Structure formats: structure tokens, C-alpha cells
Amino acid sequence: MEYSVKSGNPEKQRTACIVLGVFEPRKLTSTAEHLDSIADGFISNILRRGDLEGKLGQVLLLHNVPNGLSDRVLLVGCGKERELGDAQYHKIISTAIKTLNETGSMEAVCFLSELNVKGRDTLWKVKHAVEASEEALYSFDQLKTKSDTERRPLRKLIFNVPTRRELTEGEEGIKQGEAVARGVSLAKNLANLPGNICTPTYLADQATELAEEHDNVSVHILDEFEIKEMGMGAFIAVSQGSEQPGMLITLEYKGADDDSKPIVLVGKGITFDTGGISLKPGAAMDEMKFDMGGAASVFGTMQAVIEMELPLNLVMVIAAAENMPSSRATRPGDIVTSLSGQSIEILNTDAEGRLVLCDALTYVSKFDPDVVIDVATLTGAVIVALGHKASGLMSNHNPLAHDLLNAGDQAADKAWRLPIWDEYQEQLDSNFADMSNLGGPAAGSITAACFLSRFARKYQWAHLDIAGTAWKKGKDKGGTGKPVPLLTQYIINRSIVN
Ligand code: BES
Ligand code: MN
Ligand code: ZN
């Protein structure tokens, strides 16, 4: 889709469709009112007949509206004017785009970006409109022989801003929105690919491709053999049970001088999590192909940052492995030595994410990071705590935690902080090693983060547990691309401060 912004009057748009809002009950937005008066009350007449109440998500497509230049007018219900927040705005845009896509329109001028959304400016509204549109149009059919979604004519979307002074802001919104949306799509595509296609090697190939496309991006891949040689005993304990070799994949983006310390993102890339010898139950196990959602989102964020050419340095490290049971697999009770030198008793082979991540966290200190943020579908417990609405955030550094919470709020991709107080650490005590990889049933997300914190002492670190947010179940089953919007917003904010 091609996006742009303009500032103009609805009656002057020579286009296939213009999109206008109607509040509940039957209250025209000011732009709709303006067009209505030029059209001699055509729209308000129709509303009076009761065809559109203005409830959130309602739509009405009109033809032959008098005295205008557009072929069609699409009215979209916006709900109660006073209740218009992020979620409502998202729904309004998404409904509008899906409906438009069903009409024969090749292009449309959308006035919904002028709505007043609580606490949001023009940049946000345009940016979010682009993100919501791309989400509405997303489909994953690369593995279907016949596509479900026919090719539609809609090619061009123009978002209107109230005044010409806001055009620059709107253009910035398009730029950021497109970058985030492309990052989200990439993350969704990677997440949606099944475990037999999206293997650690596949992820490594994708990273290599991305690096080849950009001069300021370089790739470095450690294979299973090198990982073992380096002494990453915790990582190997996970990947050794699989035929698929594990990979530690690094992409470095240089947008600033060499002496500028990088932001480092670390992604859990378990391309399939059977649980290993601590085998998972069969129900819904297919969803464990999404256990590389952290890696996918880190990838997507890298893509967005590259596209925006942000002036900072960014490193992405993906710990990619498959967690399988086999005669070579780790047994419960096995003790391994991590890259940090600390020994770990593996009491449950299904707590594998922390094992690959802990070695990756030790590894990344070589980049002399400004901050390190790991992203992982780490614990089922975070779904118990926060459901599917927010990612769990844990950190050893309050300012970093605040910055990430703010970024999540700004990006409408929320996170909520959980504590990692020292009091929880004793749950990881082992009789036989420096620690166990299992903290027991209480506070499962917190003890998982406490485990990671023991490998992140040398730098400012945050951990995002995205087990509840990385994918959806049910009819809309699929990757969400979260938390690409949050991470990208954080990095945009950092690039402004620097
Ligand atoms: N990938 C899972 C976490 C997960 C489970 C995400 C269900 C989404 C839905 C992770 O590797 C795992 O198995 N965690 C265990 C940890 C436990 C053994 C300490 C869990 O959450 O049950
Ligand atoms: Mn697991
Ligand atoms: Zn897992």
C-alpha cells in the first residue's frame, strides 16, 4: 500500500472514496458536517432514516453524494465522542480499511486521522493509522496453494490532517508507521512459519540476507560447534537433543560512530519447543512454533531501525535452537556449566529459554552495551499474571524500565513491570550446582527473570516476557508482531535524546 498525507476539504477530493467519521448517536464529525452542508443535507437525511447509529465499528457506504468529486463516501461509526481512545481509534481505522478493501476503490482519502484521540497528536494518529491499516490487510498465505484473499484494487491511502502546518508531522508519522508496520509484518511472517521450515539455520539465512541488503549492517553467525567450543554449556544443553544445529546469530547496525555504545537486543529463538525430555502435553503443542517470537520481534525491530536509518548503533543477537527429546537430549538433573562459569542443574528441560538466553546474555557483554533488552516467550506464568494484553517487564535498572513502559504506552503495545527482588532468588537454590533452572510454581515469570539477572550483572538490562502477547490463539491464530512497536518506539526515543 502507498501512504501519503494531505490537508484539504472533503468536497474537493477527486478520488474513489472518502472516509468520514460519525459519532454515536448519529452525530457527524465536523468534516462530515462540512460535506453534509455542501451536499444539501444528503448525509444527515440518511442518518435520520436510521441507517447508521455511529456505534464503534459500524459502516455505511454511500454513492452519488451530491456536489462532491469523490465516487463514494464511506461513513464509519466512531462510538461515543468522549470515549475515543487508542483502542477505539485502532478499531475505527481497521474497520474502515477492511471495508474499503471490499469496495472497488483504488484509492481513498481518509479523514479519520483528524479525529480527536485522547492525548494523541497528529504524528501519532497518522503513524498509528498506517500500522492499523497494514495490520488489517495482513494475511499469511505463502504456504497455501490458493490464496484466501483475492487481490483487491485498493492501492493508495491518503490520510488527511486538519491544517497544512501539520503536514510535516503527518509525513513523519507515515515514515515511522511504515517502518514499524514492515517490522511487524516481518516478525509475524517469521513467527507464523512452522518449525519444519523456520529452523535455526533458516533464521541465520534471513539474517545473512538482511545484512547483504544494507551496507551498514553486518552479520556474524556462530554454529553449534563454535557455540560448544566457546563454552556455552547451557545453550548446548538445549540444542544437543535436536538434529537441527543451534545458531547464535548476530546482526550489527551502525548508524553512529564506533564509540557510541550500542543498544543490544537479545531474542529467544526456540524454533520449536517440545519441552525436551520434560515433554509438554500434546494439546496445542503446535503453538510452540511461536517460541521464537522474541527472535522474530528483535528481527522486526532491526528491520524498522534500518529502514528509518536511525542515528545510533544497534546489535541484535538471536539464540536459535530447537528443544527436542532424543537419546542425546539433556536429562532432568543434568548439570552444565554456562559461559559465565556458573553451573546450572537442569531440573526441567522445558525451562529451556533461560538456558539459551543466559549464555547469550554473557556473550553480549563483548559489545560494551549501553543497555541490553532480551525478549522471550519465556513463561506460561506471565499469561496467568497479565493475560494477553501486556508483556511482562523486569529490569535491574529503574530508568530503563520506565523508558520501556513509556515507549509501550506511546506505541499502544503495553508492558507492565514485575519485581525481581532478591527475596525471590532463593527459589533457584540447588543442592548440587550454583543454581537450578527451575524456581517452582510460585512467581514463575519472576524467578525466570531472576535466573537471567544472574547473567546480566555487568550492564543495564531489561527482560520482556512476551509469552502472552507474541501470538493469538483461535480463529485468528498467528503471530502479532509484538513487541516490535514498543521496541521501535524506545529506540526512536533514544535516537532523539542522543
Ligand atoms: N516456551 C515456554 C513458555 C510458554 C508456555 C509460552 C506456554 C507460551 C505458552 C517455555 O519454554 C516453558 O516451557 N516454560 C515453562 C517453564 C517451567 C517449566 C518452569 C512454563 O512456563 O511452563
Ligand atoms: Mn519450554
Ligand atoms: Zn520455550
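Just so it is clear, the structure is predicted and the values come from calculations on it, not from any experiment. Just so you know, residue 1 is the first one in the sequence shown, and it goes up from there. One-based numbering, in listed order, for ligands and for the atoms of each.
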Item to check | Criterion side chain to side chain contact (heavy atoms under 4.5 Å, CB included) on Thr362 and Cys358, from CA distance to verdict | outcome: CA-CA 6 Å; Thr362 304; Cys358 73; 5.7 Å; no
Checklist entry - Are any of the side-chain nitrogens in Arg182 or Glu131 under 4.0 Å away from the carboxylate oxygens of its partner? => result no
Item to check | Short N-O contact, Lys414 and Asp409, less than 4.0 angstrom | outcome: no
Checklist outcome for this item: One finds that the ligand 1 atoms under 4.0 Å from a non-hydrogen atom of Thr377 are 1 (N), 2 (C), 3 (C)
Checklist entry - What residue and heavy atom of the protein are closest to atom 1 (N) of ligand 1, and at what distance? => result Asp291 OD1, 2.8 Å
Next on the checklist: Between the side chains of Lys280 and Asp350, is the shortest nitrogen-to-carboxylate-oxygen separation below 4.0 Å, so that they form an ion pair?
Outcome noted: yes
Checklist entry - Just which atoms of ligand 1 are under 4.0 Å from any heavy atom in Lys280? => result 12 (C), 13 (O)
Checklist entry - If you measure from each non-hydrogen atom of Lys268 to ligand 1, which part falls under 4.0 Å: side chain, backbone, both or neither? => result side chain
Item to check | Thr349 and Thr330: side chain donor to acceptor below 3.5 Å | outcome: no
Checklist outcome for this item: for atom 2 (C) of ligand 1, nearest protein heavy atom and its distance come out as Asp273 OD2, 3.6 Å
Checklist entry - What protein heavy atom is closest to atom 8 (C) of ligand 1, reported as residue, atom name and distance in Å? => result Trp471 CH2, 3.3 Å
Checklist entry - Do you know which N/O/S atom name in Asp273 is closest to the Mn ion (ligand 2)? => result OD2
Next on the checklist: The test is side chain to side chain contact (heavy atoms under 4.5 Å, CB included); show your working for Asn313 and Asp258 and say whether it passes.
Outcome noted: CA-CA 8 Å; Asn313 294 330; Asp258 285 346; 5.5 Å; no
Next on the checklist: How wide is the angle at the Zn ion (ligand 3) spanned by Asp273 OD2 and Lys268 NZ, rounded to 10 degrees?
Outcome noted: 170°
Checklist entry - Does at least one non-hydrogen atom of Glu287 fall below 4.0 angstrom from an atom of ligand 1? => result no
Next on the checklist: Considering both backbone and side-chain atoms of Asn348, is one of its nitrogen or oxygen atoms within less than 3.5 Å of a nitrogen or oxygen in ligand 1?
Outcome noted: no
Next on the checklist: Quick check: of its N, O or S atoms, which one does Glu352 have closest to the Mn ion (ligand 2)?
Outcome noted: OE1
Item to check | Minimum-distance protein heavy atom relative to atom 19 (C) of ligand 1 | outcome: Leu438 CD1, 3.3 Å
Next on the checklist: Using a strict threshold of under 4.0 Å (side-chain N to carboxylate O), is an ion pair present between Asp286 and Lys477?
Outcome noted: yes
Next on the checklist: Set out, in order, the CA-CA distance, both residues' side-chain angles and the distance that settles side-chain hydrogen bond (donor to acceptor under 3.5 Å, both in side chains) for Gln240 and Ser326, then state yes or no.
Outcome noted: CA-CA 9 Å; Gln240 70 186 24; Ser326 80; over 6 Å; no
Checklist entry - Which residue owns the protein heavy atom closest to atom 9 (C) of ligand 1, what's the atom, and how far is it? => result Met288 CE, 3.6 Å
Checklist entry - Which of the numbered atoms in ligand 1 are below 4.0 angstrom from a heavy atom of Glu352? => result 11 (O)
Checklist entry - Mind checking whether Ala467 has an N or O less than 3.5 Å away from an N or O of ligand 1? => result no
Checklist entry - Which one of Ala376, Gly444, Gly380, Gly275 has a non-hydrogen atom at the shortest distance from atom 5 (C) of ligand 1? => result Gly380
Checklist entry - Are Asp273 and Lys289 within salt-bridge range, i.e. N to O under 4.0 Å? => result no
Checklist outcome for this item: So CD of Glu212 and OG of Ser218: to nearest 0.5 Å the spacing works out to 12.0 Å
Checklist entry - For Tyr89, is the NZ or CZ atom of Lys125 found under 6.0 angstrom from the centre of its six-membered ring and inside 45 degrees of the ring axis? => result no
Checklist entry - To the nearest 0.1 Å, how far is atom 16 (C) of ligand 1 from its closest protein heavy atom, and which atom is that? => result Arg354 NH2, 4.0 Å
Item to check | Any protein heavy atom nearer than 4.0 Å to atom 13 (O) of ligand 1 | outcome: yes
Item to check | Sub-3.5 Å N/O-N/O distance, Thr379 and ligand 1 | outcome: no
Checklist entry - Between Leu361 and Tyr459, is a side chain to side chain contact (heavy atoms under 4.5 Å, CB included) present by the stated rule, with each step listed? => result CA-CA 10 Å; Leu361 287 173; Tyr459 42 71; 3.4 Å; yes
Checklist entry - Please state the angle at the Zn ion (ligand 3) spanned by OD2 of Asp291 and OE2 of Glu352: what is it, rounded to 10 degrees? => result 100°
Checklist entry - Using 30° and 60° as the class limits, which term best fits the ring planes of Phe451 and Phe455: parallel, tilted or perpendicular? => result tilted
Checklist outcome for this item: Residue, atom and distance of the protein heavy atom nearest atom 15 (C) of ligand 1 read Asp350 O, 4.1 Å
Item to check | Protein contact to atom 10 (C) of ligand 1 [nearest heavy atom, distance to 0.1 Å] | outcome: Leu378 O, 3.3 Å
